[in-house]
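Reviewing the structure listed below.
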Amino acid sequence: MTDSLGTTGLILNEPLLWEKGRKGRCGFSLPRRDVPVSALDPHLTGTGPDFPELSEVDLIRHYTRLSTWNFGVDTGTYPLGSCTMKYNPKTNERQAGLPGFAAAHPLLPPELAQGALALMHDLAGFLAEITGMDAVSLQPAAGAHGELTGMLLIYAYHRSQGAQRSKIIIPDTAHGTNPASAALCGYRPVPITSGAQGVLTAEVVAAVMDEETAGIMVTNPNTLGLFEENIRQITDIVHAKGGLVYCDGANMNAVMGIIDMKAIGIDVLHLNLHKTFSTPHGGGGPGSGPVCVHKRLEPFLPVPRVIKQGSTYTLSEEFPQSIGKLDTFHGHFGIMVRAYSYILSLGPAGLKKASQLAVLNANYVKEKLKETFHLAHDRPCMHECVLSDKNQAGHGVTTLDIAKRLMDYGFHPPTIYFPLVVPGAIMIEPTETESKEDLDRFIDAMQQIAREAAENPQLLHDAPHKSKVRRLDEVSAARKPCLAG
Amino acid sequence: MTDSLGTTGLILNEPLLWEKGRKGRCGFSLPRRDVPVSALDPHLTGTGPDFPELSEVDLIRHYTRLSTWNFGVDTGTYPLGSCTMKYNPKTNERQAGLPGFAAAHPLLPPELAQGALALMHDLAGFLAEITGMDAVSLQPAAGAHGELTGMLLIYAYHRSQGAQRSKIIIPDTAHGTNPASAALCGYRPVPITSGAQGVLTAEVVAAVMDEETAGIMVTNPNTLGLFEENIRQITDIVHAKGGLVYCDGANMNAVMGIIDMKAIGIDVLHLNLHKTFSTPHGGGGPGSGPVCVHKRLEPFLPVPRVIKQGSTYTLSEEFPQSIGKLDTFHGHFGIMVRAYSYILSLGPAGLKKASQLAVLNANYVKEKLKETFHLAHDRPCMHECVLSDKNQAGHGVTTLDIAKRLMDYGFHPPTIYFPLVVPGAIMIEPTETESKEDLDRFIDAMQQIAREAAENPQLLHDAPHKSKVRRLDEVSAARKPCLAG
Amino acid sequence: MRYLPHTPEDIADMLAEVGVGSLEALFATIPKDCCCRLDMQLPAALTEWELNDHMDALAARTAVSPAVKVYMGAGSYDHFLPAAARHVLARGEFVTSYTPYQPEISQGTLQAIYEYQTLAGRLMGTEVATASHYDGSTALAEALLMAIRITRKKRVAVSAAVHPHHRRVVATYFDPTGYDIVELPCLPDGRTDLTALDGIEELAAAAVQSPNFFGCIEDLQAAADGAHARQALFVASFTEPLAFGLLKSPGSLGADIVCGEGQSLGLPRSFGGPGLGMLGSRMAFVRNLPGRLVGRTQDQDGRQGFVLTLATREQHIRREKATSNICTNNSLCALTAAVYMAALGAAGFCELAQLNHDKAEYLKTGLAQAGFPSPFSSPTFNEFVVRFPGGVEKVYRRLLDKRIVAGLPLAKYYPGLSDCTLLCVTETAAKHDLDNLIKEVRS
Amino acid sequence: MRYLPHTPEDIADMLAEVGVGSLEALFATIPKDCCCRLDMQLPAALTEWELNDHMDALAARTAVSPAVKVYMGAGSYDHFLPAAARHVLARGEFVTSYTPYQPEISQGTLQAIYEYQTLAGRLMGTEVATASHYDGSTALAEALLMAIRITRKKRVAVSAAVHPHHRRVVATYFDPTGYDIVELPCLPDGRTDLTALDGIEELAAAAVQSPNFFGCIEDLQAAADGAHARQALFVASFTEPLAFGLLKSPGSLGADIVCGEGQSLGLPRSFGGPGLGMLGSRMAFVRNLPGRLVGRTQDQDGRQGFVLTLATREQHIRREKATSNICTNNSLCALTAAVYMAALGAAGFCELAQLNHDKAEYLKTGLAQAGFPSPFSSPTFNEFVVRFPGGVEKVYRRLLDKRIVAGLPLAKYYPGLSDCTLLCVTETAAKHDLDNLIKEVRS
Ligand SMILES: Cc1ncc(COP(=O)(O)O)c(C=O)c1O
Ligand SMILES: Cc1ncc(COP(=O)(O)O)c(C=O)c1O
C-alpha cells in the first residue's frame with residue numbers, strides 16, 4: 001500500500017469515571033453474607049471513599065474506549081530507543097495467570113511453594129548464564145531499583161573493605177536513573193564525557209578514578225547504541241584503584257550470547273526483564289530489574305535467597321553481610337514467570353539470534369536514514385542508532401515536530417532528546433521482532449517527513465493531525481497542576 | 001459532555017493477509033516430531049494450500065488493527081431492533097473456556113461426560129420453565145435452525161395424524177427466516193396482514209385457516225414490538241382446525257416471567273440464546289436456537305436426548321417418532337454454557353426484572369422520540385419500538401441517512417427497513433443493559449439529527465463522516481462479485 | 001444486579017416519562033387471559049463466585065486430557081490452540097458485534113471474513129467459499145439441496161462412508177422434501193464403491209467424504225468422473241480439513257461443491273459445538289450458494305472496503321424463495337479458522353498435517369504388529385479403523401480403567417464392523433503415550 | 001522461531017544493505033579481547049505446548065485454594081477478582097504500551113492513571129496521589145525520605161507494628177544515608193506506644209500503620225497529633241486498603257503523607273509481586289513527591305487531555321537531584337486498582353469491607369470461645385493475632401496435614417509472640433470453612 005499506515009476512524013469519547021454512573025449501581029458481584037454483621041466501634045468508622053458507582057457494562061465500555069486512545073506494540077511499530085519495545089508473547093500471559101502462580105501467597109511455607117521457588121531458582125541461573133556473572137538477585141522491581149541495589153552492594157562492599165568512598169564516575173551518556181540511584185546511596189556523581197567516537201576513553205576514566213571513588217557506572221552497549229570498546233582498559237583502571245564497575249544492562253538485548261559481562265570486568269549489572277526478556281511494559285510498568293554480580297559481591301545480595309538442597313528449594317536469610325530487603329516479598333514474581341517462559345521458548349540459540357537480528361535491524365535503519373537525517377556517530381551500531389534534527393534545523397523543524405508527525409504515519413515515535421549528548425536526538429531501537437517490511441515502511445515515513453520538512457514545515461509544526469487529541473499544553477499543566485478530579 | 005460521543009482518532013490501515021508476511025515465516029509453534037516420517041502415496045499428495053506466512057507479531061497486529069474498525073456492544077449503545085444486543089457478561093466466557101467444557105469430546109461415553117450432560121439437562125429444564133413449555137431440544141444451532149426444527153416437528157406431527165398439510169400462515173410482519181424455514185419443509189406460506197393496531201386480528205386468521213393448513217407462525221411479541229393481544233383467539237382458531245401454532249420467540253426478552261407461552265396456546269417456540277440469554281453475537285454467530293414444545297410434540301424432538309436416571313445422565317435415541325438429528329453432535333454446547341451461566345447469574349427475579357427494564361427502556365425511547373420521528377403505532381410497546389423517516393421525507397432525508405449519521409454520533413444504528421410493513425422503518429431495541437444516561441444521549445443524537453435533516457440534509461446524505469470508510473458501493477459489489485483475493 | 005444499570009430513581013423518572021405507574025403496569029396492554037406468569041421455579045441467583053465454584057465442579061465431571069487420553073476423532077479433533085489466537089479472538093469488537101449489516105463500522109469483521117473466504121477457498125480448492133454454516137452436517141445438507149436446485153433433479157447418492165451423523169442430518173433435511181437419497185456402499189478396502197452409481201436415474205449429485213469416516217482417503221477424481229458421467233454434480237465433504245495440508249484439495253480433483261466441518265482449524269471441541277460449516281463451489285454456482293458472502297468493493301472516496309453481498313439469495317430479501325433459511329451463522333468460528341490458518345501458514349500447515357499422519361501411522365503400524373491390523377487396506381490420514389478379533393468391548397473397558405478412551409466403537413454405526421473401533425491420533429499425542437496404548441492393548 | 005520475522009532472504013538483503021557479510025560480522029567492532037561468548041548453557045527451546053506442560057507441572061507444585069485453605073494475610077490478601085476486570089485489563093493497548101511520554105497517542109493510559117490518582121486520593125484521604133510505586137515497602141521508604149527532604153531533619157520514628165518487611169526495606173534504603181530510625185514499641189493492646197515519641201530530637205516523621213501488622217486499628221489522630229507536636233510530619237501506612245471502606249481515611253485523621261500496599265485492590269497475590277505502591281500527600285508537598293504524576297490539561301484545540309507533569313522532580317530531568325530514582329513504576333497495577341475500585345463503587349466497597357471485618361470477627365470470636373483468645377484487645381479489621389498457649393508449631397503442623405495454613409507464625413518476627421500466629425479472613429472464606437478451622441483447632 002502506498003498510502004499512509006495511519007488513518008482516522010470512529011473513536012468514542014468517554015467522560016471521567018466520576019462523571020459516569022449513578023449512585024446505587026454496582027459493577028461487582030458482592031459475595032453472599034453467611035455471617036452476622038458485627039458493628040465496629042463507631043468512632044473508628046468513616047463514610048467510606050467517594051467512588052463512582054457503575055454497572056458492569058459501564059465499566060467495560062469505559063476501559064474499552066480508553067484503550068482505543070492508546071498505541072501499543074500490539075498496535076504497531078514502536079521504535080522507542082533504550083526501551084526495547086519488542087513483541088510481548090501471549091503465551092507468557094497464560095503462564096503468569098496459572099492459579100499455582102497467580103494465587104500463591106508469598107509467605108507460604110517453602111514445602112508448599114516448591115514450584116514458585118524452583119522457577120525463581122532456575123531463572124536466576126539462566127540470567128547468570130546469559131550475562132556470565134556468578135550470582136543473581138531477582139528482588140529489584142525495575143531497572144532503577146536494580147541500580148539502587150547495585151549501588152548498595154558496592155557501598156556494602158567498600159564498607160567491608162574498611163573504607164567507604166564518596167564518589168562514583170558516571171558518563172554524560174548515562175540514563176537519568178544512574179545518577180539518581182547513585183545519589184540515593186550518598187555517592188556524588190563525577191560526570192565524564194564520552195569521546196569523539198561516542199565511547200569512553202581509558203584516559204578520561206584514568207584522569208578521575210581515585211581511592212575516593214567507589215567505582216564507575218557504565219551502560220554497555222551505551223545509550224548511543226555503541227559498544228564501549230575500551231571497556232577492558234576502563235575496568236582495569238577502576239579495579240586497580242580498588243573501585244568496582246557497575247554496568248547498566250538495559251541494553252543487554254544487543255549482546256545476549258555475545259558478551260560475557262564478567263569477562264570484560266563487570267562487577268555488578270542490572271537487567272530489565274521488561275526490555276530484553278519481552279515482558280510487557282503495561283503503560284509504564286510493572287517491570288523487573290534483577291542484578292547479576294561477580295562472586296565478590298555475592299555475600300551482600302538481598303535476602304531471602306532461594307537455595308536448592310538436593311531436589312528441594314528453601315528460602316535462606318543466612319547471609320549476615322546482606323544489604324537486606326529491597327521490597328516486601330520476592331520482587332515482581334509475575335514478571336519473572338513471563339521472562340522465564342520467554343527464555344525457555346527461545347533457548348540459547350534463539351536468544352543469540354534475537355540479539356543478532358536486533359542489531360541487524362538497527363544497522364539497517366541507520367544505513368537507510370543516515371543520508372537524510374544527521375547521524376551522531378557514523379559507525380556500526382548495536383541495538384539502536386541515534387539520529388538528530390540537525391539537517392532539518394534549517395527549515396525550523398525540530399525533533400519534536402518529526403516525532404509528532406510520525407504518529408500521523410501510524411508509528412510510535414522514537415525516544416527523543418535522549419541521550420543528552422546529542423542535541424535533538426532521535427534514538428531508534430527497532431528490536432528484532434520488527435520485520436523488514438515494517439522497517440521499510442518506517443524508513444519511507446521518515447523520508448517523507450524529511451521532504452515535508454523542506455516543503456511544508458507547518459504541516460510538521462501542527463502534527464499530529466490524526467490522533468484523538470493534538471499537542472497538549474504541558475506548560476500550564478505543570479504551572480497549575482490539576483492532579484485529581 | 002455536550003459534544004458528540006463520536007469523534008475521530010488514529011486508526012491503522014492494514015493490508016489483506018496475503019499482502020502481508022513472507023514465505024518462510026510461521027506464527028505457530030510447530031510440535032516436536034517424535035515419530036519417523038512415513039511417506040504417503042505420492043499420487044495422493046498435493047502441494048498444500050497457498051496460505052500467507054506470518055510471524056506471531058504480524059498476526060497479532062493484523063487482527064488487533066482489524067478489531068479497531070469494528071463497533072461492538074463493548075464499544076457502545078447498539079439498539080439494533082430484533083437483535084437484543086444486550087451486554088455479554090465476561091464471566092460467561094470464563095465458564096465456557098473451562099477445559100472440562102472446551103476440551104470435551106462430544107462422543108465421550110456418558111459416564112465420562114456427566115458434567116456436560118448435566119448442564120444440558122438443566123438448561124433445557126430452565127428454558128422449559130421460563131417459557132412454560134413442556135420439553136426442550138437444545139440441538140438447533142440458531143434461530144432459523146430452530147424454526148426449521150419447529151416446522152419439521154409440525155410436519156412430523158401431521159404425518160402422525162395421518163394427513164399431511166401443504167400451507168402455513170405467516171404474517172407480513174414476520175422475519176424473513178420464517179417463510180424460508182417453512183419453505184424448506186415444503187410448506188407454502190400464506191401471508192396475512194396485521195391489523196391497523198399492528199397486531200393480528202382473529203378474523204384474518206379465521207379467514208385463511210383450513211384443514212389444508214398446517215398451522216401458523218407468529219412472532220410474539222411481534223416485530224413491531226407489540227404483544228399479539230388476540231393470540232388466545234388466534235391459537236384457538238388454529239387448533240380448532242387441527243393446526244399447530246409456532247411462535248418465533250426471538251423477542252422473548254420482553255416477557256420472561258411474564259408470559260406463559262403454553263398457556264396462550266403455543267405448541268412450539270424457538271429461543272435465541274444469543275439474544276435473550278446474553279451470549280455474544282460474534283459478528284454474526286455462533287448462536288443457539290433451542291425449541292420448546294408442548295407435550296404433544298415431545299415424541300418428535302431431535303435425538304439424542306439427555307435423560308436423567310437417578311443422579312446420572314445418559315443419552316437416549318429411543319424415540320422412534322423423532323425427526324432425527326439437526327446437526328452433527330449436540331448443538332452449540334459452548335453457547336449453552338454461556339446461557340446457563342447467565343440464567344444462574346440472574347435467577348428468576350433477575351430475569352423478570354431484565355424483561356421489565358427492557359420494556360421500560362423501549363417505551364422511554366418511544367415517548368421521547370415520537371414527537372420528532374413518526375411512530376408507526378402509538379401505543380405501549382414491548383422491548384422495541386418502530387419509528388420511520390416519514391417526518392423527514394419532506395427534506396429528502398431517508399432512514400438510511402439517519403442511520404449513517406448516527407454513527408458520527410457514536411451509536412450503532414437501529415435495524416432499518418424492517419419490518420417491511422413500515423416503510424422506512426427504524427426499529428429500536430435498547431435492551432435492559434443500557435442506562436438512562438446512555439438512552440438520553442441516544443435520544444439527543446436522534447433529535448439533533450432531525451434538526452440537521454431540516455437544516456442541512458446534505459450532511460446526512462454524506463454521512464458517516466468519522467468512520468474509517470464511508471458509504472460503500474454495494475451495487476457494483478453485487479454486480480461484479482469479488483468474493484476472494 | 002451488576003448487569004442492570006437502573007437505579008430506583010432512574011426507574012421512577014422513566015416510568016413518569018412513560019406515564020405508567022409501575023414496572024408491572026408496562027404490561028397492562030397484555031390481556032388478562034394471557035395470564036401473566038407466576039414466579040418461575042428456577043435456582044436463586046448465584047454470585048459470580050458461587051457460579052465459578054459451581055461451574056468448576058461441573059466441568060470437573062467431564063473427562064479431558066491430561067487426566068484421560070482420548071484417541072477419538074470421528075468429526076471432532078484435538079489440536080493445539082495457540083495463546084496468540086485466543087488473545088485476538090477475545091477482542092470485544094469482534095465478539096460483541098452483530099452481523100455486519102452496517103459496513104462502515106464493521107470493516108474488521110468484514111475484512112476478516114473476506115480473508116476467511118479466501119483461505120477457505122484455497123484450502124478446499126474452490127473458487128468461492130461462503131462466510132460459514134452451522135457445521136459440517138448442515139453444510140452437506142445445504143450442498144445437496146444446492147445441487148438439486150442447480151440440476152433440477154431429485155435424487156442424491158451419498159457414500160456409506162460419509163460421517164453417519166452427517167448422513168442423518170441430511171436425511172432429516174430431506175424428509176419433507178420428497179427428494180430421495182441412495183446410499184453408496186463401501187468396498188472391502190474401506191473406500192466407496194463407485195460402481196454403485198451405475199444406473200441411478202435422476203441423479204443430482206453424488207457425495208463422498210475424504211478422508212472418509214473410516215479415515216480412508218477416497219479416490220475423489222474417480223468419484224467426480226463417475227458423477228459427471230451421469231450429468232450429476234460431485235459433492236466432496238470432509239471432517240478433517242487438516243488433511244488437505246498433505247492431500248490434493250477436493251476442488252483440484254473435480255469436486256463441483258466442497259463442504260465439511262472446520263472444527264479442527266483452531267476451534268475447541270467444546271462437546272461438539274459450535275463448529276464451523278464450510279462450503280465452497282465453482283464461481284458459476286455462486287448465485288445458488290446458500291448462506292452469507294462478503295465481497296470487496298470501494299467507498300465513495302475510492303477506499304477499499306468490504307460488504308455483505310449477493311443478499312438477493314438470502315431470506316431477509318427473498319424470503320421463501322431464498323437459497324437457504326440461514327441468518328445467524330458461525331462467523332466467529334470462521335474468524336477463528338482464519339486466524340489459525342494464518343498462524344500456521346502454508347509450510348506450517350503442511351508440516352502439521354504430515355505430523356498428524358505420521359503419528360497415526362506409528363500407532364497403526366504398532367497395533368498391526370501387536371496383532372491388531374486395520375480391516376481396511378486404503379491409506380489413511382490421522383484416523384483409522386482397527387479390529388479387535390476378541391471383540392471391542394473388553395479391550396475398550398480395560399483401557400477405560402487406565403484412563404484411555406480407545407476411540408469410537410463402530411458397532412452402533414456399522415453392524416458389520418462390530419469388532420472394530422475408530423482411532424484418531426493428532427499432534428497432541430506423544431510417542432510414549434502411543435507406545436503405552438500399544439502395550440496396554442497387547443497386555 | 002515465531003517471534004522472529006526474518007526470513008533468510010530478509011537477512012541476506014539487509015546484511016547487503018548494511019554492507020556486512022554475516023550476522024556475526026555485525027559485531028566486528030567489538031574488540032577481540034571482549035571475547036565473544038561461547039554457547040550459553042541453557043535448556044534447548046521448548047515448543048509452546050512443551051512450555052504449557054512444563055509450567056502446568058511447576059504451578060501444580062505450589063499450594064493454592066481450593067486445594068489448600070490459606071488463612072494468611074500479612075501484606076498479601078486473597079480477594080475475589082472479577083472476570084470483567086480481567087477482560088479489560090488484557091487489552092493490548094494497555095498492556096503493551098510504554099510509559100506515556102507521547103501523550104497524543106497515550107490518552108487511554110493517561111486518563112486511566114489520572115482517574116486512579118483521583119480514586120487513590122479519595123481512598124487515602126489525600127489531596128494528591130502519585131501514579132504508583134513498586135510496592136508498599138518502597139512507598140514507605142520514599143515517604144520517609146520525602147519527609148526528611150521537607151523537614152530537613154534527619155530522624156524518623158517507625159512503629160514496631162509496621163509490617164516487619166516494610167521496616168526492613170526502609171532500613172535498607174536508609175543504611176547509606178546516615179539518617180536514623182527510631183522504633184516505637186507496642187502497647188499490650190497491640191497498638192503503638194505513642195508516648196515513645198517523647199523526647200525524640202530532630203524528628204522528621206513518625207510512621208504508623210493502620211490496620212497494623214497485628215491487624216489492630218491504630219489511633220491515627222493521636223499519632224498525627226503526637227508527630228505534629230514535635231514539628232514532625234505524620235506518615236500513615238497500610239497493607240490492607242480495603243479497611244478504608246469501613247474506617248476513617250488516614251488523611252482525614254491528620255496524616256501528612258499516606259502510603260501503603262494496594263495489592264488487595266484487585267491484584268492477584270502472584271507470590272508477592274507485582275503489587276502496588278500507593279503514596280499520597282497534601283498538595284503543599286506536591287513538588288517533593290517522588291514518582292510520576294499525571295495532570296489534566298488541554299490540547300491546542302481546547303480539548304481536555306492528560307499529560308505526565310511536574311517532571312522536574314524526576315530523574316530524567318533532574319538526575320541526581322531528583323526526588324526519586326524511580327522510572328518504570330507499576331502502572332498496570334494502578335490501572336487494575338482503578339478498575340477494581342470503580343467496579344465496587346462507594347457502596348460496594350463499604351459492603352465488602354464490612355463483610356471482611358465480620359468474617360474475621362466470626363473466626364476471632366469462635367477461636368476465643370474455643371479457648372484461643374487474641375493477646376490483643378484492640379479492634380481489628382480482617383486480620384488478628386491468636387495465641388496458642390501450647391505453642392504454635394504443633395497446631396500449625398496438624399492443620400497443615402489437613403491442608404489448612406493457619407496464618408503466619410509470629411515467632412520469627414516478634415520473639416515475644418512466639419506462641420502466636422497472625423490469621424486473616426477475607427470474603428473468600430466461607431462460614432463452613434471457618435467452622436471447620438475452629439473445629440480442627442479445638443480437636
Ligand atoms: C539505559 C537505561 N537505564 C536504566 C533505565 C531504568 O529502567 P527502569 O525504567 O526499569 O527503572 C532505563 C529505562 O528507561 C534505561 O533505558
Ligand atoms: C424475529 C426474528 N426471528 C428469527 C431470527 C433468526 O434468528 P437467527 O439469526 O439466530 O437465525 C431473527 C434474528 O435475526 C429475528 O429477529
Side-chain angles (χ1 to χ4, degrees), chain A residues 1 3-16 19-22 25 29 54-61 63-65 67-77 86-91 345 407-412 431-438 464-469, chain B residues 1 3-16 19-22 25 29 54-61 63-65 67-77 86-91 345 407-412 431-438 464-469:
Chain A
M1 307 196 305
D3 63 336
S4 165
L5 184 61
T7 182
T8 62
L10 178 67
I11 290 281
L12 270 66
N13 282 310
E14 178 66 4
L16 289 156
E19 295 167 352
K20 237 178 127 82
R22 278 264 202 292
R25 277 185 208 154
S29 176
L54 290 78
S55 68
E56 190 170 306
V57 62
D58 288 336
L59 195 76
I60 291 288
R61 285 180 182 166
Y63 288 102
T64 299
R65 291 171 184 177
S67 73
T68 63
W69 308 348
N70 253 21
F71 188 108
V73 173
D74 282 3
T75 311
T77 302
K86 62 172 68 178
Y87 171 61
N88 310 128
K90 305 313 169 197
T91 185
S345 298
M407 298 176 185
D408 290 332
Y409 282 92
F411 294 94
H412 193 285
T431 85
E432 71 279 6
T433 58
E434 295 304 306
S435 66
K436 179 171 181 298
E437 312 92 87
D438 292 331
H465 300 268
K466 297 174 180 172
S467 51
K468 180 173 177 292
V469 296
Chain B
M1 308 192 306
D3 63 336
S4 165
L5 184 61
T7 182
T8 61
L10 179 66
I11 290 279
L12 270 67
N13 282 312
E14 178 65 4
L16 289 155
E19 296 167 357
K20 237 178 128 82
R22 278 265 202 292
R25 274 183 210 155
S29 177
L54 289 78
S55 68
E56 190 170 305
V57 61
D58 287 336
L59 195 76
I60 292 287
R61 286 179 181 166
Y63 288 103
T64 299
R65 292 172 184 177
S67 73
T68 63
W69 309 347
N70 252 21
F71 188 109
V73 172
D74 282 5
T75 311
T77 302
K86 61 172 67 179
Y87 170 62
N88 310 127
K90 305 311 169 200
T91 185
S345 298
M407 298 176 185
D408 290 332
Y409 282 92
F411 294 94
H412 193 285
T431 85
E432 70 280 5
T433 57
E434 294 304 305
S435 67
K436 179 171 180 297
E437 311 92 88
D438 291 331
H465 301 268
K466 297 174 181 172
S467 50
K468 180 174 178 292
V469 296

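The chains referred to below are lettered A, B, ... by the order of the sequence lines, with proteins before strands, and numbering in each begins at 1. Nothing here was measured: the structure is a model prediction, and the numbers come from that model. Atom set for the values below is all heavy atoms of this structure, side chains included, hydrogens, waters and symmetry mates excluded.
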Work out which heavy atom in R65(B) is nearest to a heavy atom in G76(A); give both atom names and the distance.
NH2-CA, 3.4 Å
Please flag which part of K90(A) lies under 4.5 Å from any non-hydrogen atom of chain B: side chain, backbone, both or neither.
both
Pick whichever of T64(B), N88(B), D74(B), T433(B) has the most heavy-atom pairs under 4.5 Å with chain A.
D74(B)
Look up atom CD in E434(A) and atom OG in S55(B), then write down how far apart they are to the nearest 0.5 Å.
8.5 Å
Checking heavy atoms, do the side chain of T7(A), its backbone, both or neither come under 4.5 Å from chain B?
both
With chain A as the partner, which of T68(B), V469(B), V73(B) has the greatest number of non-hydrogen pairs under 4.5 Å?
V73(B)
Beyond-backbone contact of T8(B) with I11(A), side-chain heavy atoms, under 4.5 angstrom:
no
Heavy-atom cut-off 4.5 Å, strictly under: side chain, backbone, both or neither for S67(B) against chain A?
neither
Does some side-chain heavy atom of D438(B) sit less than 4.5 Å from a side-chain heavy atom of D58(A)?
yes
Determine the option with the most heavy-atom pairs under 4.5 angstrom with chain B, choosing from H465(A), E437(A), K468(A), M407(A).
E437(A)
Chain A contact via F71(B) - side chain, backbone, both or neither, heavy atoms under 4.5 Å
side chain
For chain B, which of V57(A), D408(A), T91(A) has the most heavy-atom pairs under 4.5 Å?
V57(A)
Between P89(A) and E56(B), what is the shortest heavy-atom contact and its length?
CA-OE2, 4.2 Å
Donor-acceptor pair, R61(A) side chain versus T75(B) backbone, under 3.5 Å?
no
So, N13(A) side chain and S4(B) main chain: donor-acceptor pair closer than 3.5 Å or not?
yes
